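Let me begin by presenting the structure, written as structure tokens, before commenting on it.
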Amino acid sequence: MTLHRIAVIPGDGIGPEVVEIGLEVLDHVANKHGFKIETETFPFGGEHYLKTGEVLSDESLVKLKNFDVIFLGAVGSPDVRAGILEQGILLKLRFQLDQYINLRPVKLYPGIDTPIKGKGIDEIDYVVVRENTGGLYTGVGGLSMKGTEDEVAVQSMVYNYKQVSRCIRYAFELAEKRPRKTLALIGKTNVLTHVFDLWERVFNDIGTSEFPGVSREYYHVDAACMYMVKEPERFDVMVTTNMFGDIITDLGAITQGGMGMAASGNLDPSKTNPSMFEPVHGSAPDIAGQNKANPLATVITVKMMLDFLGEFDAAVEVDNAISATLTGGIENLGTSEIRAKIFQNLSS
Ligand code: IPM
Ligand code: MG
């Protein structure tokens, strides 16, 4: 029997509530599809930091490396200064575990409203491949003459060939597996002429030599935002930098029904290190513990995790249960009611 070892980081706010449901779903499909799940829970997050002073130590990171995947709820606490947990947990895991792809599907499920007039499930179904280890997120730069009129602040968009090529190659492989076989590079070649010279060259080189069957498109990031609203049906797979990917996936999330519906996988496709699966939403402390959180982003995240682990039948079952749960809508339903609907729709 296959065993999957999962490190669970429920985190703060609504994180533990949604993760609990995600784990129940995992348990259910594991029993049914004949694989085993072994979990260990780790306390990282705002509360743990305030209590112990640990954000995420190097020793803890070594422990996490022993797992197949990491399942993260959300980290963030109003009592912790912005940046500490984001950098110390989320970005540290992404960078240190070389999770170089942030995979973010933008798919409208049936039964969910999109704020885009006249568009539905046939028009909103694409995937954003966000580069996840470089760019503006590397923190290269600094402040000089702080507090004076001459103060200078620099934060550089840094990319090397290896980061760009492995990300673009992954995106082509993904596009090749989808019916439309279309990959759009999202950049800013007209202004960021150095970084996107590299991206565009690598995109065309790899596309021509390795993926002749995949159509290539290019959009400036600002135009891409416009089309994501005006004509989302244009897109199949998009590939872009870390910062642009962060921004456009919040826009994408709103078009798929909001942050409560957006899932993501931080992947090391080489499987050298564990990949990490997390809903895109934050810890939402204002609604924590009130039966208000939508657990579906987390359940979609579980589906992505199952796909990554090679448990394809289980992934399909979870996906079908999500679709069935959404038929008739989930408006006005609380966390526990949505949970109950999910389990009604998971076949026994
Ligand atoms: C995301 C988040 C993070 C990011 C923050 C919390 C550091 O916005 O996962 O999209 O910028 O990547
Ligand atoms: Mg973001």
Side-chain angles (χ1 to χ4, degrees), residues 9-15 18-19 22 44-49 55-56 61 69-107 126-141 155-159 163 167 186 221 224-225 228 238-268 274-286 288 293-294 297-298 300-302 304-305:
I9 307 176
D12 305 305
I14 60 169
V18 291
V19 160
F44 314 119
E47 254 173 63
H48 179 72
Y49 169 62
V55 181
L56 172 72
L61 190 68
V69 292
I70 300 168
F71 183 25
L72 180 111
V75 293
S77 153
D79 303 325
V80 180
R81 184 167 54 80
I84 293 185
L85 302 171
E86 291 88 335
Q87 275 163 22
I89 301 178
L90 215 53
L91 299 184
K92 183 166 179 173
L93 287 169
R94 290 176 184 172
F95 280 59
Q96 298 289 321
L97 300 178
D98 206 21
Q99 295 164 342
Y100 63 87
I101 298 295
N102 196 328
L103 192 64
R104 297 189 160 183
V106 179
K107 174 182 149 88
Y126 54 93
V127 184
V128 179
V129 176
R130 166 184 175 189
E131 199 289 325
N132 211 32
T133 57
L136 280 167
Y137 279 66
T138 47
V140 169
Q155 199 127 16
S156 301
M157 189 182 279
V158 183
Y159 270 115
Q163 290 170 320
C167 176
I186 309 301
V221 64
C225 289
M228 285 167 73
M238 297 162 111
V239 63
T240 192
T241 57
N242 208 342
M243 186 79 257
F244 289 172
D246 176 49
I247 297 167
I248 69 171
T249 54
D250 268 28
L251 174 57
I254 279 301
T255 69
Q256 71 186 120
M259 300 305 275
M261 293 302 296
S264 78
N266 300 269
L267 313 180
D268 171 5
S275 293
M276 174 165 71
F277 294 82
E278 48 161 339
V280 180
H281 63 66
S283 59
D286 50 322
N294 181 355
T298 302
I300 302 170
T301 298
V302 164
M304 290 180 74
M305 186 194 297

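For ligands, and for the atoms within them, numbers begin at 1 and follow the listed sequence. Here the structure is a predicted model, which is why all the values come from computation and not from measurement.
The shortest separation from a heavy atom of Met243 to ligand 1 is not under 4.0 Å, leaving the residue out of contact.
In this structure, Asn266 CG and Leu97 CG are separated by 9.5 Å, a value rounded to the nearest 0.5 Å. How far NE2 of His48 is from CG of Leu85: 11.0 Å, rounded to the nearest 0.5 Å. We find the OG1-CE distance between Thr255 and Met261 to be 11.5 Å, quoted to the nearest 0.5 Å.
Panel note: side chain Thr301, backbone Ala297; a donor-acceptor pair is recorded below 3.5 Å.
In terms of protein heavy atoms, atom 4 (C) of ligand 1 is closest to Tyr137 OH, 3.5 Å. Protein heavy atom at the shortest distance from atom 2 (C) of ligand 1 is Asp246 OD1, 3.9 Å.
Heavy-atom contacts from other residues, nucleotides or ligands closer than 6.0 Å to OH of Tyr49 number 12 or fewer.
Residue Arg104 touches ligand 1 through its side chain alone, judged by heavy-atom distances below 4.0 Å. At a heavy-atom cutoff of 4.0 Å, ligand 1 is contacted by the side chain of Arg94 but not by its backbone. The proximity of Met259 to ligand 1, defined as any non-hydrogen pair under 4.0 Å, does not occur for either the backbone or the side chain.
Between Leu61 and Lys92 the shortest heavy-atom distance is CD2-CE, 4.3 Å. The minimum heavy-atom distance linking Met304 with Ala263 is given by the pair SD-CB, 3.8 Å.
Geometrically, ligand 1 and Arg130 share a nitrogen or oxygen pair separated by less than 3.5 Å.
Proximity to Glu86 (heavy-atom distance under 4.0 Å) selects the following atoms of ligand 1: 6 (C), 7 (C).
Of all N/O/S atoms in Asp246, OD1 sits nearest the Mg ion (ligand 2).
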